[in-house]
Amino acid sequence: MDAAADIENAAAALRAGGLVILPTETVYGLAADASDPRAVAKVYEAKGRPAFNPLIAHVAEVATARRIARFDEQAERLAARFWPGPLTLVLPVADERAVCDLARAGLDTVAVRAPAHPLAHALLEAFGGPLVAPSANRSGRPSPTTFADAMAETGAAAAAGLDGGPCRIGLESTVVALLDLPRLLRPGAVTRAEIEAVVGPLSEAEADAKRSPGRLARHYAPDLPMRLNATEPRDGEVWLGFGAGFPEPLNLSPAGDLAEAAANLFAYLRAADRSGASAIAVAPIPGDGLGEAINDRLRRAAGYVG
Ligand code: TXA
Ligand code: MG
C-alpha cells in the first residue's frame with residue numbers, strides 16, 4: 001500500500017473502533033477515537049494501564065483543541081509557540097463528549113496536543129476528530145521509539161499501524177497544566193526554560209505530583225534493575241554511557257549531546273535488557289535543558305521516585 005492508502009486504512013480502523021500504532025515526533029502512540037469509550041477501553045486493556053491515568057487528546061489543529069478545551073491567553077501563547085510539537089496542555093474540558101469520561105479518567109480537565117509528525121498529522125486530518133494516544137508501551141515499560149518496538153509492545157491489539165521510522169525526539173511531550181498557576185506536570189521535549197520564556201515561572205511539579213496521575217513510581221522501566229550516576233560499572237552490569245570515554249555501542253551520546261541521548265534513551269534501555277547483563281548502570285547525565293526530562297525518566301525507570 002502507498003502512504004495515502006495506509007492513512008485511509010488506519011482512519012477506517014479508527015472509525016470502526018479499532019486501535020492504531022501511531023508514529024509521533026516524541027514516541028510511538030497507541031491511538032483510538034477519543035469520543036468512543038469502547039475504543040478507549042481497548043487502549044487501557046492493551047496497555048494494562050490503570051484506568052485512573054488519563055490520556056492525551058491529539059488534534060490536527062489548534063482550532064480542534066479550542067473546541068475540546070477552554071483556552072486562556074497563556075494556552076494560546078504556548079500553542080502558538082510550540083504547536084505542532086512536543087507540548088501537551090492540561091486545560092478545563094469544554095466538550096465532554098469529544099474526549100469521553102474514560103479518556104479523561106473522569107476529570108473535568110483534558111490534556112491536548114498537536115503532534116508534529118507528518119503521518120500523525122495526516123491521520124488526524126483523515127480521521128477528522130481527536131485521538132487519544134498514550135505511548136504504545138505496556139504500562140510501566142519504556143516508551144517505544146521505533147515501529148518494531150511499538151509493534152512488539154501493543155501491536156497485537158492494533159488493527160493497523162503506521163511506520164514513521166525512528167522517533168526524532170525519543171522522549172514524551174512536556175505536560176503543562178494551566179488550571180491556576182502554570183505547572184510543569186511532566187518534564188519533556190520542550191524544556192522548562194522554553195516554557196518559562198513564554199508564561200513566566202512554573203510551579204514545582206513534584207510538589208504537585210498527584211495532579212498528574214500518570215506519574216507512578218516505577219515507570220518507563222526496563223526488565224533489569226538499574227543503578228544511576230554510575231561512574232564505573234560493577235560485575236555483571238551493562239553500562240549506558242554519556243560523553244567521551246564510555247564504551248560503545250551503548251553510549252547514549254559519545255559527543256555529550258542531550259538531544260541525541262534523549263533520542264537513544266528508550267531504545268538503549270531495551271537493548272540493555274537484551275544484552276545478557278544482570279543489571280544496568282547509567283553514567284551521570286547533566287540535568288540542564290533536556291537533561292531534566294532524561295533524568296526524570298531515568299529516576300522513574302530505576303524506581304527512585306515515589
Ligand atoms: O509525547 C507524548 O505525549 C506521547 C505521544 C504518543 O503523543 N504520549 C504520551 O501519552 O506520553 P501518555 O498517556 O503515556 O502520557 C500522558 C501523560 C500522563 O502522565 C498523564 O497522567 C498526563 O499526561 N495527563 C493526561 N491527562 C491529564 C489531566 N487531565 N491532568 C493531568 N495529567 C494528565
Ligand atoms: Mg507513557
Side-chain angles (χ1 to χ4, degrees), residues 14-15 17-20 22 24 26-27 29-59 64-72 74-75 78-79 87-115 124 127 129-141 143 154 157-158 172-188 203-220 300 305-306:
L14 291 165
R15 279 182 214 112
L19 310 185
V20 170
L22 174 76
T24 84
T26 58
V27 300
L30 181 64
D33 177 352
S35 71
D36 178 351
R38 293 221 300 225
V40 174
K42 287 185 203 166
V43 172
Y44 285 116
E45 188 186 18
K47 284 183 61 74
R49 178 171 200 158
F52 52 76
N53 189 356
L55 307 177
I56 298 169
H58 295 65
V59 297
T64 311
R66 286 192 198 105
R67 282 202 295 277
I68 297 171
R70 223 166 281 138
F71 269 57
D72 62 8
Q74 287 185 317
L78 285 170
L87 174 68
T88 295
L89 299 175
V90 173
L91 299 167
V93 65
D95 180 342
E96 297 190 354
R97 289 183 165 225
V99 183
C100 66
D101 262 340
L102 188 58
R104 288 179 287 105
L107 300 174
D108 56 7
T109 58
V110 64
V112 287
R113 118 168 166 91
L124 285 161
F127 178 69
L131 295 174
V132 290
S135 48
N137 52 286
R138 293 192 45 83
S139 196
R141 306 234 326 126
S143 300
T154 54
E172 300 81 358
S173 61
T174 304
V175 181
V176 172
L178 295 172
L179 299 173
D180 36 54
L181 298 173
R183 281 170 203 276
L184 184 63
L185 299 186
R186 177 173 76 180
S203 307
E204 269 319 298
E206 296 304 338
D208 207 34
K210 285 198 176 63
R211 298 180 68 125
S212 199
R215 321 240 53 218
L216 303 175
R218 194 151 156 81
H219 204 134
Y220 313 106
R300 288 171 200 282
V305 182

Student: Heavy atoms only: give me the nearest A158-L30 pair and the separation to one decimal.
Tutor: CB-CD1, 4.3 Å
Student: I need the minimum non-hydrogen distance between A111 and L55, along with the two atoms involved.
Tutor: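 Answer, listing the atom of A111 first, then L55: CB-O, 4.1 Å.
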Student: Between S173 and T88, does any side-chain donor sit less than 3.5 Å from a side-chain acceptor?
Tutor: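 There is such a pair (donor and acceptor under 3.5 Å, judged by atom type) between the side chains of S173 and T88.
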Student: Where is the tightest heavy-atom contact between V112 and L91, given as atom of each residue plus distance?
Tutor: CG2-CD1, 4.2 Å
Student: List for me each residue that meets salt bridge (charged side-chain N to carboxylate O under 4.0 Å, His left out) alongside R66, sequence neighbours excluded, and say none if there are none.
Tutor: E76
Student: By side chain to side chain donor-acceptor pair (under 3.5 Å), which residues pair with D101, not counting sequence neighbours?
Tutor: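 Partners of D101 under the side chain to side chain donor-acceptor pair (under 3.5 Å) test: R104.
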Student: Just wondering, do L131 and V20 contact through their side chains at under 4.5 Å, heavy atoms?
Tutor: no
Student: I want to check something: taking the side chain as every heavy atom from C-beta on, are V90 and V175 in contact at a cut-off of under 4.5 Å?
Tutor: yes
Student: Nearest heavy-atom pair of T154 and A46: which atoms, and what distance?
Tutor: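 It is CG2-O, 3.8 Å.
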Student: Looking at side-chain heavy atoms only, is the closest gap between V176 and L184 below 4.5 Å?
Tutor: yes
Student: Looking at every heavy atom in both R49 and P134, which two are closest together, and how far apart are they?
Tutor: NH1-CB, 2.9 Å
Student: Can L78 and L178 be said to form a side chain to side chain contact (heavy atoms under 4.5 Å, CB included), step by step?
Tutor: CA-CA 10 Å; L78 285 170; L178 295 172; 4.0 Å; yes
Student: Answer whether the closest heavy-atom distance between the side chains of L124 and P115 falls below 4.5 Å.
Tutor: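 Contact flag for L124/P115 side chains = yes.
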Student: Side chains of S203 and R183: does their closest heavy-atom pair fall under 4.5 Å?
Tutor: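 In short, these two side chains touch, coming nearer than 4.5 Å.
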Student: From L102 CG over to D36 CG, what is the distance, rounded to the nearest 0.5 angstrom?
Tutor: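 Here the interatomic distance stands at 10.0 Å.
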Student: Taking the side chain as everything from C-beta on, heavy atoms only, tell me whether L179 gets closer than 4.5 Å to P92.
Tutor: yes
Student: With sequence neighbours left out, write down each residue that passes salt bridge (charged side-chain N to carboxylate O under 4.0 Å, His left out) with R113, or none if nothing qualifies.
Tutor: E25
Student: State, to 0.1 Å, how close A103 and A34 come at their nearest heavy-atom pair, and which atoms those are.
Tutor: CB-O, 4.2 Å
Student: Within this structure, what is the CZ-CZ distance for the pair R186 and R300, rounded to the nearest 0.5 Å?
Tutor: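 That separation rounds to 10.0 Å.
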Student: Check the pair E172, S135 against side-chain hydrogen bond (donor to acceptor under 3.5 Å, both in side chains), reporting the backbone distance first and the verdict last.
Tutor: CA-CA 8 Å; E172 300 81 358; S135 48; 4.9 Å; no
